[in-house]
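Positions are given from 1, in the same order as the sequence printed here.
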Amino acid sequence: MATTGSKSALFVCLGNICRSPIAEAVFRKMATDAGVADKWVIDSAATSDWNTGNSPDDRGLACLRKHGIESSHSARQVTKDDFMTFDYILCMDESNMSELNRKAKAVKNSSAKIELLGSYDPEKQLIINDPYYGSDEDFEKVYEQCVRCCTAFLKTNS
């Protein structure tokens, strides 16, 4: 998937309709604004198959639009190929992390670096909590965490 000279990041959460599509859209906009989008392969996925083919949560899309960001993502589950083609797999919580590490063990040539996206947060909020059962404010908090983390991640990898 990643071409020569490019870098790649896959953002992952449980269902790929709330947190990871927000992170993907935020990072894509940052890379575009920084003039480096052509150097990145950016996507998001789920550890589960619950929402495959679905659009992101309406509340997440509304939150992104409020900040001038669009997303046309369609939910998908992490595949074995993802562990071989992405440089970074950035997930939202410990449950995602353990599921991804378990899946990676089944992939012979797994080369992706699996990390918590929150590990890049300058405010040290390691976990990005699922806003699905929450309010618009919870989606806003996810957005703000993703902005902080993606800013630091891009700076580290540019």
Heavy-atom pair of closest approach, residues Thr52 and Asp49:
OG1-O, 3.3 Å

Closest heavy-atom contact between Gln145 and Ile127?
NE2-O, 3.1 Å

With sequence neighbours excluded, tell me which residues meet salt bridge (charged side-chain N to carboxylate O under 4.0 Å, His left out) with Asp138.
none

Do side-chain atoms of Ser119 reach the backbone of Leu116 as a donor and acceptor pair under 3.5 angstrom?
yes

Please collect all ring pair (Phe, Tyr, Trp, His ring centres under 6.0 Å) contacts where either partner lies in residues 9-36, sequence neighbours excluded, each pair once.
Phe11-Phe27, Phe27-Trp40, Phe27-Phe153

For Thr79, what residues pass the side chain to side chain donor-acceptor pair (under 3.5 Å) criterion, not counting sequence neighbours?
Asp82

Show your reasoning for whether side-chain contact (heavy atoms from CB on, under 4.5 Å) applies to Arg19 and Asp93.
CA-CA 10 Å; Arg19 297 170 289 176; Asp93 61 34; 2.9 Å; yes

Using every non-hydrogen atom in the two residues, find where Gly15 and Ala75 come nearest and quote the distance to one decimal.
O-CB, 4.0 Å

Does Lys7 reach the main-chain N or O of Asn157 with its side chain, forming a donor-acceptor pair under 3.5 Å?
yes

Does the salt bridge (charged side-chain N to carboxylate O under 4.0 Å, His left out) test come out yes or no for Arg102 and Glu99, once each step is laid out?
CA-CA 5 Å; Arg102 186 185 66 75; Glu99 184 65 16; 2.6 Å; yes

Approximate separation, where rounding is to 0.5 Å, of Arg28 CZ and Glu70 CD
13.0 Å

Which atom of Cys149 lies closest to which atom of Gly118, heavy atoms considered:
SG-CA, 3.8 Å

Do Ser44 and Glu24 pair up side chain to side chain, a donor and an acceptor below 3.5 Å, judged on atom types alone?
yes

Rounded to the nearest 0.5 Å, what's the gap from NZ on Lys141 to SG on Cys63? Could you check?
13.5 Å

Any donor-acceptor pair under 3.5 Å linking the side-chain atoms of Asp81 with those of Thr85?
no

Leu100 vs Val78, test: side-chain contact (heavy atoms from CB on, under 4.5 Å). Steps then yes/no.
CA-CA 9 Å; Leu100 288 166; Val78 171; 4.0 Å; yes

Under the side chain to side chain donor-acceptor pair (under 3.5 Å) test, residues paired with Lys80 that sit two or more places apart
none

Shared ILVMFWY cluster between Tyr88 and Met84, side chains joined below 4.5 angstrom?
no

Does anything in residues 53-74 pair up under ring pair (Phe, Tyr, Trp, His ring centres under 6.0 Å), and if so which pairs, sequence neighbours excluded?
His67-Tyr143

To the closest 0.5 Å, what do you measure between CZ (Phe86) and CD1 (Ile42)?
9.5 Å

Hits for salt bridge (charged side-chain N to carboxylate O under 4.0 Å, His left out) against Asp58, two or more places apart or cross-chain, chain-then-number order -> none

Test: salt bridge (Lys or Arg N to Asp or Glu O under 4.0 Å). Region: residues 147-158. Which pairs qualify, not counting sequence neighbours?
Asp121-Arg148, Glu123-Arg148

Excluding sequence neighbours, so at least two apart, what forms salt bridge (charged side-chain N to carboxylate O under 4.0 Å, His left out) with Lys113?
Glu115

What distance do Ser95 atom OG and Met97 atom CE have between them, rounded to the nearest 0.5 Å?
11.5 Å

Got a sec, which hydrophobics cluster with Trp50, joining ILVMFWY side chains under 4.5 Å apart, including via others?
Leu14

So does Asp43 pair up with Arg76, basic N to acidic O under 4.0 Å?
yes

Nonpolar side-chain network containing Tyr133, other nodes, edges under 4.5 Å:
Ile17, Tyr132

Criterion side-chain contact (heavy atoms from CB on, under 4.5 Å) against Asp87, the qualifying member of Ser111, Ser6, Ser8
Ser8

How long is the span from the OG atom in Ser55 to the CG atom in Leu61, to the nearest 0.5 Å?
7.0 Å

Working note: Val12 + Thr47, criterion side-chain contact (heavy atoms from CB on, under 4.5 Å); need CA distance, chi angles, decisive distance, verdict.
CA-CA 7 Å; Val12 176; Thr47 56; 3.7 Å; yes

Taking all non-hydrogen atoms of both residues into account, name the closest pair between Asn96 and Cys13 and its distance.
OD1-CA, 3.5 Å

Contacts of Phe83 that satisfy ring-ring contact (aromatic ring centres under 6.0 Å, His included) - sequence neighbours left out
none

Taking all atoms of both residues into account, what is the closest heavy-atom pair of Met92 and Leu117, and its distance?
CE-CD2, 3.9 Å

Going by salt bridge (charged side-chain N to carboxylate O under 4.0 Å, His left out), name the residues that satisfy it together with Glu140, two or more places apart in sequence or in a different chain.
Lys66

Main chain of Gly134, side chain of Arg59: is a donor-acceptor contact present, judged purely on distance under 3.5 Å?
yes

Is a side-chain donor or acceptor of Asp57 paired with a backbone partner of Cys18 at a separation under 3.5 angstrom?
no

Rounded distance (nearest 0.5 Å) linking atom CD of Glu144 with atom CD1 of Ile22
11.0 Å

